[in-house]
**Q** 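Let me give you the structure first, and then I'll get to my questions.
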Protein chains: 2
Amino acid sequence: MPTIYDVAREAGVSAATVSRVLNGATTVDPAMVARVLTAVRELGYRPNAVARNLRRSRTTLWAVIISDIGNPFFTAMVRGIEDVAQREGYSVVLCNSDEDPVKEETYVAAALSEQMAGVIISSSGSVKAAKTLTGSPVPVVAVDRELPRAVVDTVVVDNEAGARTATEHLLAAGYRRVACITGPEGVSTADLRLRGYTEAMRSSAPAEPVIVRTDFREQGGYDAMASLLSSPEPPDAVFVANNLMTVGALRCLAEREVAVPGRMGLVGFDEIPWADLVHPSLTTVTQPTYELGRTAARLLVDRIATPAAKPARIVLSAELHPRRSSSR
Amino acid sequence: MPTIYDVAREAGVSAATVSRVLNGATTVDPAMVARVLTAVRELGYRPNAVARNLRRSRTTLWAVIISDIGNPFFTAMVRGIEDVAQREGYSVVLCNSDEDPVKEETYVAAALSEQMAGVIISSSGSVKAAKTLTGSPVPVVAVDRELPRAVVDTVVVDNEAGARTATEHLLAAGYRRVACITGPEGVSTADLRLRGYTEAMRSSAPAEPVIVRTDFREQGGYDAMASLLSSPEPPDAVFVANNLMTVGALRCLAEREVAVPGRMGLVGFDEIPWADLVHPSLTTVTQPTYELGRTAARLLVDRIATPAAKPARIVLSAELHPRRSSSR
DNA sequence: CTGAAAGCGCTAACAA
DNA sequence: TTGTTAGCGCTTTCAG
């Protein structure tokens with residue numbers, strides 16, 4: 001691979017001039033610019049970004065740490081991040097922590113080592129990872145999930161309100177024994193959606209809350225629904241706190257031929273791809289997913305520009321989309 | 001941020017010794033190892049990977065260039081890649097070209113500039129990007145889609161056979177006017193799946209092939225199906241060459257209340273998440289998606305180890321999963 | 001087993 | 001406007 005010195009020699013100028021040309025300095029003689037560009041083309045020169053990053057002591061990479069790359073919610077969010085990143089000249093390194101705090105810590109360490117320009121994280125709950133981030137000078141934005149015990153730029157949806165609305169919707173439809181399947185303790189979305197459910201139940205429900213905690217995966221939702229069905233007094237409706245678990249729950253009901261919405265009402269949080277094409281179509285609490293990502297990215301851009309600014313906190317709203325699965 | 005010299009001073013040793021300790025050299029006095037590790041902890045030292053990469057003139061990053069991060073097929077494949085990468089000590093930089101050759105070229109250029117250790121690419125068809133890659137010393141593996149006009153390590157499924165099987169399946173079920181919706185010209189999966197369809201039609205079909213080309217997106221499938229439906233003699237079945245387009249086609253049929261499989265049979269290539277839960281359940285040609293990624297990653301590991309080896313070509317097989325949408 | 005010193009490729013003061 | 005020079009932080013010979 002040719003270096004900047006090879007180009008300089010070929011063009012008969014100094015390395016500094018080549019650097020200037022390549023970085024768009026306006027203070028270069030047009031004749032030299034032409035010579036340099038010719039040399040670059042002839043040698044097939046490609047600047048070494050590693051060297052540049054070291055010299056400038058900054059990179060143009062963002063680490064985006066999400067907890068499940070297989071979840072369309074996260075990929076949609078990443079698209080929002082990417083679009084902003086690209087426009088601002090950054091590249092996105094996507095890190096999939098797989099809901100594993102240890103993997104999350106590893107990725108955080110790598111992001112710092114690699115001198116990433118910023119980190120956008122949807123925490124899988126590791127306090128250690130959060131501490132490492134806040135203890136470093138790297139700009140951080142929490143998205144979708146709060147960063148545990150940390151005050152950083154944050155963009156989330158109003159999980160509590162969304163969950164409350166979903167639960168009230170089921171109660172209003174005439175369901176009485178409404179249960180909740182939610183995610184792991186310590187993950188803010190799991191906890192807040194559970195809280196929204198509990199509030200709705202406390203204030204107006206004819207039955208006690210029934211709660212099952214599991215992971216945020218499809219299999220988790222399946223298992224949770226199975227255990228609810230085998231309980232002495234099964235619920236007649238379930239609010240499920242994320243998309244993949246909702247699909248798992250639906251699959252469980254389909255296999256056991258439990259009529260939805262007849263014998264069991266179902267509402268899920270998060271949009272589900274082709275929720276309208278599954279049978280029955282799924283009532284969901286939809287988030288502005290792409291917007292979530294875009295907003296987070298913008299906060300990161302701002303944070304990089306003004307590191308000392310007061311951390312922002314943006315709450316977007318979630319919206320109920322009633323479909324068949326909850327209409328008694 | 002403390003540097004290796006700060007640690008050296010704190011521990012009363014040289015920077016070289018710190019480096020040795022941190023890189024696991026066995027030729028260091030245990031007493032010094034202890035002093036160094038203490039100093040590292042006290043200062044919260046974190047090695048600067050950019051400097052290390054420059055010095056070693058290599059990185060531990062892989063660029064994985066895919067054409068649609070919103071397509072669950074690709075994310076499943078990426079998981080396979082990631083799992084191998086992580087085990088081998090690499091991190092994955094996911095690049096989403098969005099089926100845009102220009103974006104693809106940009107990412108390829110970035111991967112080379114950043115001195116990535118390797119590239120795994122599912123080409124969106126850019127010959128220029130392919131040329132740039134093969135003209136550089138970076139190890140490259142093509143996955144899912146061939147790299148145009150290039151001989152590199154490749155892992156694909158048998159697209160032609162899969163498409164032929166799918167088409168024959170529709171014909172055997174009694175459909176007669178079978179059409180095909182496929183992707184952009186120049187993308188190997190689009191072209192090969194089309195060829196498989198055409199072969200099946202030529203050899204045994206009672207009607208002429210009908211072909212619609214569009215992009216590989218959901219909307220493309222929707223539009224293609226709409227145009228087929230409005231033609232003078234609409235088909236009675238369609239083979240759709242990828243998952244998202246299949247969903248789009250199904251949505252179009254659902255909106256227009258065309259009975260599937262009664263008035264229209266449907267088979268899609270690629271697995272579709274919860275294909276069994278949509279209505280009607282979708283017949284698909286399923287690929288070993290995760291395996292595809294894992295295999296590609298292994299090829300890359302081998303290629304990095306022995307750059308001069310003869311390029312490998314691995315063809316996995318795709319399998320028909322008959323469900324409701326094709327059963328007349 | 002340890003340290004001194006060179007240099008990876010680039011950019012940014014500073015001189016000219 | 002251009003060139004010279006000094007590092008960015010690390011690893012790796014080469015001496016000792």
**Q** With axes from five pairs an end, tell me the bend angle of the helix from C:dC1-D:dG16 to C:dA16-D:dT1, nearest 10°.
**A**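 Terminal axis comparison yields 40°.
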**Q** So, A:R79 and A:E82, do they make that salt bridge, N to O below 4.0 Å?
**A**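 Salt bridge flag = no for A:E82 with A:R79.
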**Q** Short of 4.0 Å, heavy atom to strand atom, which residues of residues 12-23 of chain B count as contacting DNA chain C?
**A** B:V13, B:S14, B:A16, B:T17, B:R20
**Q** Looking at every heavy atom in both B:G293 and B:I81, which two are closest together, and how far apart are they?
**A**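 For B:G293 versus B:I81, the nearest heavy atoms are O-CG1, 3.4 Å.
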**Q** Mark yes or no for whether B:N242, through its side chain, and B:F216, through its backbone, hold a donor-acceptor pair below 3.5 Å.
**A**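 Pair found, side chain donor or acceptor close to backbone of B:F216.
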**Q** In terms of side-chain geometry, is the basic nitrogen of B:R145 or B:D191 positioned less than 4.0 Å from the acidic oxygen of its partner?
**A** no
**Q** How would you label the contact of B:S57 with the nucleic acid (heavy atoms, under 4.0 Å): base, sugar-phosphate, or nothing?
**A** nothing
**Q** Whole-Å distance between D:dG9 C1' and A:R58 CZ?
**A** 17 Å
**Q** Provide the full list of salt bridge (Lys or Arg N to Asp or Glu O under 4.0 Å) pairs with a residue in residues 127-140 of chain B, sequence neighbours left out, each pair given once.
**A**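 Applying salt bridge (Lys or Arg N to Asp or Glu O under 4.0 Å) to every pair that reaches into residues 127-140 of chain B, excluding sequence neighbours, yields B:E105-B:K128.
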**Q** Check for a donor-acceptor pair, side chain of A:R303 on one end and backbone N or O of A:A309 on the other, with a separation under 3.5 Å.
**A** yes
**Q** Along DNA chain C, 5' to 3', what are the outermost nucleotides having an atom less than 4.0 Å from a heavy atom of chain B?
**A** C:dC1 to C:dG9
**Q** Between B:S57 (side chain only) and B:N53 (backbone N and O only), is there a donor and an acceptor less than 3.5 Å apart?
**A** no
**Q** So that I can tick it off, tell me whether A:R35 and A:D29 are bridged by a salt bridge, with the cut-off set at under 4.0 angstrom between side-chain N and carboxylate O.
**A** no
**Q** Quick check on contacts: within residues 32-52 of chain B, what sits under 4.0 Å from DNA chain D by heavy-atom distance?
**A**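 Listed by number, they are B:Y45, B:P47, B:N48, B:A51, B:R52.
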**Q** Pairs in or reaching into residues 49-58 of chain B: which pass salt bridge (Lys or Arg N to Asp or Glu O under 4.0 Å), with residues at least two apart or in two chains?
**A**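 Listed once each, the pairs would be none.
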**Q** Roughly, in whole Å, what's the span from CZ in B:R55 to P in D:dG7?
**A**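 Rounding to the nearest Å, CZ of B:R55 and P of D:dG7 are 19 Å apart.
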**Q** Flag the pair A:D153 and A:R313 as a salt bridge only when some basic side-chain nitrogen lies within less than 4.0 angstrom of an acidic carboxylate oxygen.
**A** no
**Q** Report the distance from atom CG of A:L54 to atom C1' of D:dA6, rounded to the nearest whole Å.
**A** 13 Å
**Q** Are B:V64 and B:I66 close enough that some pair of their side-chain heavy atoms sits under 4.5 Å apart?
**A**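 They are in contact (side-chain heavy atoms under 4.5 Å apart), so the answer is yes.
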**Q** Checking side chain to side chain donor-acceptor pair (under 3.5 Å) between B:S124 and each of B:E104, B:E99, B:K103, which is the one that passes?
**A**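 The single option meeting the side chain to side chain donor-acceptor pair (under 3.5 Å) with B:S124 is B:E104.
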**Q** May I have the distance from B:Y5 (atom OH) to D:dC8 (atom C1'), rounded to whole angstrom?
**A**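 One finds 11 Å between C1' of D:dC8 and OH of B:Y5, rounded.
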**Q** For A:T59 and A:Q115, indicate whether the former's side chain and the latter's backbone hold a donor-acceptor pair under 3.5 Å.
**A**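 The answer is yes, because a donor-acceptor pair under 3.5 Å joins these two groups.
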